[in-house]
There are 2 protein chains.
Amino acid sequence: MRVDPAAPSGRRRDEPARAAIVRAATEQFLAEGFQATSTDRIAAAAAVSKQTVYNQFGDKRSLFAAVVLGVTATAEAFGAELTAALAAVRRPEEVEPALRMLLRRWAAVALSPRVLAMRRLVIAEAGRFPELAAEYHRRAPEATLRTVAAGLADLVERGLARVEDPDRVAADLAFVLFGAELDRALFHPGTPPPDAERLDALVDHAFRVVRPLG
Amino acid sequence: MRVDPAAPSGRRRDEPARAAIVRAATEQFLAEGFQATSTDRIAAAAAVSKQTVYNQFGDKRSLFAAVVLGVTATAEAFGAELTAALAAVRRPEEVEPALRMLLRRWAAVALSPRVLAMRRLVIAEAGRFPELAAEYHRRAPEATLRTVAAGLADLVERGLARVEDPDRVAADLAFVLFGAELDRALFHPGTPPPDAERLDALVDHAFRVVRPLG
DNA sequence: CTGCAGCTGGACCGGACGGTACCGAGCGCA
DNA sequence: TGCGCTCGGTACCGTCCGGTCCAGCTGCAG
């Protein structure tokens, strides 16, 4: 907690330890849950002493928060990918293929084992970490939704598509696309993610039901 | 574990104890989760000794299973209610009001605090109780979906509606109806359930998007 | 070379938890 | 009325966990 202004030589030698702990804790938490994971196992998995864990994070709850908020970085990256995909559209006939590709990626990510495990983990602890759960939801699934909605609005603005309410359409697309699969998957850990044909079928169906273009 | 054939006098005097334990355990599990609930607290809340808990259920896991599968009885009752609502439809012009009423009830139940808490609880323990989680999903949300699909198919058979794929339409209705709300609510425990206007808006939207009638 | 800061391994603590052993009370049966 | 058996209450056991403390080692700065 040093507040030295213009810190001259940031000693980054402690970063590897922190990163290793976060990585190890992420794996353990995702696999076993928060309560069932002991700090001893985390330290052992990170090849670090337990004291170092407590030096870096203070207590187990803070470590958990670091883990949960840490993975939202990948959600940000995913959002950027989606934004870029829609921003690359130049001509009206490119809209549908781009949207189909976006939906495919979206479903694949939302139904990937890691994302599902993270959802289970955060939902499981939502009662004990309410603000953390809300923050995760805001930064990950909801942020993706907003990103897609913004992408749709951008298409409209550039005269490439007609969408009345981009926010609603984005949400409808998402939940017709993978709502049922997501619901099922949350209760069935270990289920393999959808294969290519299944993804195509999901996208086809969502596209048919919601009709995002006009 | 006595297997007396033709047990003459069923001693139902132990039923109250069992029922009290299940009721108390349900409240505790829903509020605190499986791991954070001690059998001592359950026994105390049920006004019963811990020994009685172990006499009745053997161990904590079996008690948990009894709790989770116990609440699926209410899901069955709810399914019967929905079936009756659609079975009461006699004339084509009654279809839409009946469906709107059904969707309202469906959303209200799916987004009720107890159902949400149960979802969180079972999802949280899905890793440690895979078959139990699968069974719960099969008996509660999936059963409701199948019930609604069967009701739609029945309407079709009686010439009161035209629905191409009742299973898909039921799922689409459900997830356009409350998919987004359900997702949000899972991460925000303690949020009040939707009020009457919100429910109406959800139903309107789902009806507009999915158009179940032809 | 010397000091120092931080890491390591490990012992340790207080407490909580799942599960059990034991014992007294109450009930059915004669 | 007496007897035996079953059931519930209490006290207890072993274990594990979050968190702390300590002594020794290591690598960098001056």
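As a basis for the values below, the full set of heavy atoms in this structure was taken, side chains included, without hydrogen atoms, waters or symmetry mates. Please read these numbers as outputs of a predicted model, since none were measured by experiment.
- Per the geometry, CD belonging to Q56(B) stands 18 Å off C1' belonging to dG18(C), to the nearest Å.
- Here the P atom of nucleotide dG18(C) and the CD atom of Q28(B) are 11 Å apart, to the nearest Å.
- The phosphate of dT8(C) (OP1 or OP2) has a side-chain N or O of T52(A) nearer than 4.0 angstrom.
- Look at D200(B) and R100(B) and you find no salt bridge, because none of the NZ, NE, NH1 or NH2 atoms lies under 4.0 Å from a carboxylate O.
- At dC7(C), one or more side-chain N or O atoms of N55(A) fall inside 4.0 Å of OP1 or OP2 (strictly under the cut-off).
- Each of dG19(D), dC22(D), dC17(C) was ranked by its minimum atom distance to the side chain of K60(A); first place goes to dG19(D).
- The nearest whole Å value for the distance from the CZ atom in R18(B) to the C1' atom in dC7(D) is 15 Å.
- Relative to the side chain of Q51(A), the nucleotides dC17(D), dG9(C), dG19(D) differ in distance, and dG9(C) lies closest.
- One atom, CD1 of I42(B), and another, C1' of dC17(C), lie 12 Å apart when rounded to the nearest Å.
- Of the candidate nucleotides dG18(D), dC7(D), dT8(C), dT8(C) has the atom nearest to the side chain of S49(A).
- Side-chain N/O atoms of S62(A) and D59(A) include a donor and acceptor closer than 3.5 Å.
- In this structure, a donor-acceptor pair under 3.5 Å is absent between the side chains of H137(B) and R184(A).
- A salt bridge between R139(A) and E76(A) is absent, with no side-chain N of the basic residue lying under 4.0 Å from a carboxylate O of the acidic one.
- Atom pair I21(A):CD1 and dC7(C):C1' shows a separation of 11 Å (rounding to whole Å applied).
- Among dG19(D), dG9(D), dG18(C), the nucleotide with an atom closest to any side-chain atom of D40(B) is dG18(C).
- Distance F57(A) CZ to dG19(D) C1': 16 Å, rounded to the nearest Å.
- If you take CD of Q35(B) and P of dC17(D), they are 11 Å apart, rounded to a whole angstrom.
- Distance from the side chain of Y54(A) is smallest for dT20(D) among the nucleotides dT20(D), dA21(C), dG19(C).
- Between the base of dG8(D) and the side chain of K50(B) there is no donor-acceptor pair shorter than 3.5 Å.
- In this structure, F29(B) places its CZ atom 12 Å from P of dC17(C), rounding to the nearest Å.
- In this structure, R128(B) fails the cation-pi test against F34(B), since its NZ or CZ atom is not both closer than 6.0 Å to the six-membered ring centre and inside 45 degrees of the ring normal.
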